[in-house]
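From a predicted model like this one, the values you see are computed outputs, not experimental measurements.
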Amino acid sequence: MRDWDFESQQRDTAWVIDDVSKTQGISIGTPITLEVQTVDGGQGSRAEYVATLETRQLKHSFFGGDEDDPETITVVFPDTLFELSSIWQRERLVTEVALQFGYVPDGWGFWEPGS
């Protein structure tokens with residue numbers, strides 16, 4: 001696995017959670033559907049990455065995929081609590097798997113609570 005700054009990534013995640021909670025009024029602990037996005041880092045092995053996601057029974061989807069917009073593979077986690085420990089655990093898992101196959105994290109988002 002390539003070198004990756006997980007500490008910085010976790011700090012960024014903590015900052016986003018705090019900011020979204022304050023600016024959008026989403027309470028810490030609210031159930032959400034988390035989506036963690038990954039993109040090909042230049043030498044990605046899509047087939048192996050997807051096969052590993054499927055082996056781990058991780059729900060995923062695809063979008064994009066032309067020369068101007070690289071394909072994004074999104075891993076979806078229903079019933080995730082909007083809090084650092086819950087989001088970070090899933091984000092780190094996806095990042096670790098993605099990096100093994102030449103993909104890199106490209107952020108995360110979530111479906112609005114109650115949707």
Enquirer: Does Glu83 reach the side chain of Leu81, with side-chain heavy atoms less than 4.5 Å apart?
Expert: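 In short, these two side chains touch, coming nearer than 4.5 Å.
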Enquirer: Please say which of Val94, Thr38, Ile73 ends up in a side-chain contact (heavy atoms from CB on, under 4.5 Å) with Leu53.
Expert: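 Between Leu53 and the candidates, side-chain contact (heavy atoms from CB on, under 4.5 Å) is satisfied uniquely by Ile73.
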Enquirer: Does any N or O in the side chain of Thr33 come within less than 3.5 Å of the main-chain N or O of Pro78, such that one atom is a donor and the other an acceptor?
Expert: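 Here the side-chain-to-backbone pair does not exist.
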Enquirer: So Val75 and Lys59, do their side chains get closer than 4.5 Å, heavy atoms only?
Expert: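 A side-chain contact is absent here, since even the closest heavy-atom pair is not under 4.5 Å.
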Enquirer: For the CD atom of Glu54 and the OH atom of Tyr49, what is their distance to the nearest 0.5 Å?
Expert: 11.5 Å
Enquirer: Going by heavy atoms in the side chains, are Val50 and Phe101 under 4.5 Å from each other?
Expert: no
Enquirer: Do Ile32 and Phe77 make a side-chain contact, defined as non-hydrogen atoms from C-beta onward lying under 4.5 Å apart?
Expert: no
Enquirer: How long is the gap from CG on Asp5 to CD on Gln9, to the nearest 0.5 Å?
Expert: 8.5 Å
Enquirer: Would you mind reporting whether Ile87 and Thr13 have side-chain heavy atoms less than 4.5 Å apart?
Expert: yes
Enquirer: Any heavy-atom pair between the side chains of Pro105 and Gln37 that's under 4.5 Å?
Expert: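 A side-chain contact is absent here, since even the closest heavy-atom pair is not under 4.5 Å.
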Enquirer: Can you tell me how far CZ of Phe63 sits from OG1 of Thr72, rounded to the nearest 0.5 angstrom?
Expert: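 If I round to the nearest 0.5 Å, the distance is 4.0 Å.
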Enquirer: In Å and rounded to the nearest 0.5 Å, what is the CG to CG distance from Asp19 to Asp12?
Expert: 12.0 Å
Enquirer: Testing the basics here: between Asp79 and Arg90, what is the closest heavy-atom pair and its distance to 0.1 Å?
Expert: O-NH2, 4.5 Å
Enquirer: Please say yes or no: joined through hydrophobic side-chain contacts below 4.5 Å, possibly via intermediate residues, are Trp108 and Val76 part of one cluster?
Expert: no
Enquirer: In the structure I gave you, are the side-chain heavy atoms of Tyr103 and Glu71 within less than 4.5 Å of one another anywhere?
Expert: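 Contact flag for Tyr103/Glu71 side chains = yes.
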Enquirer: Nearest 0.5 Å, please: how far is CD1 in Ile26 from OG in Ser21?
Expert: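 With rounding to 0.5 Å, OG (Ser21) is 8.0 Å from CD1 (Ile26).
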Enquirer: Walk me through whether Leu34 and Trp111 qualify under side chain to side chain contact (heavy atoms under 4.5 Å, CB included).
Expert: CA-CA 7 Å; Leu34 178 69; Trp111 301 356; over 6 Å; no
Enquirer: What is the minimum heavy-atom distance between Gln10 and Trp88, and which atoms define it?
Expert: NE2-CD1, 3.3 Å
Enquirer: Between CG of Asp106 and OG1 of Thr95, what distance do you get to the nearest 0.5 Å?
Expert: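 Result: 10.5 Å between the selected atoms.
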Enquirer: Side-chain contact, heavy-atom cut-off 4.5 Å: Phe82 with Ile17?
Expert: yes
Enquirer: Report yes or no: is the cationic atom of Arg46 (NZ for Lys, CZ for Arg) closer than 6.0 Å to the six-membered ring centre of Phe62, at no more than 45° off its axis?
Expert: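 The answer is yes; both the distance and angle limits are met.
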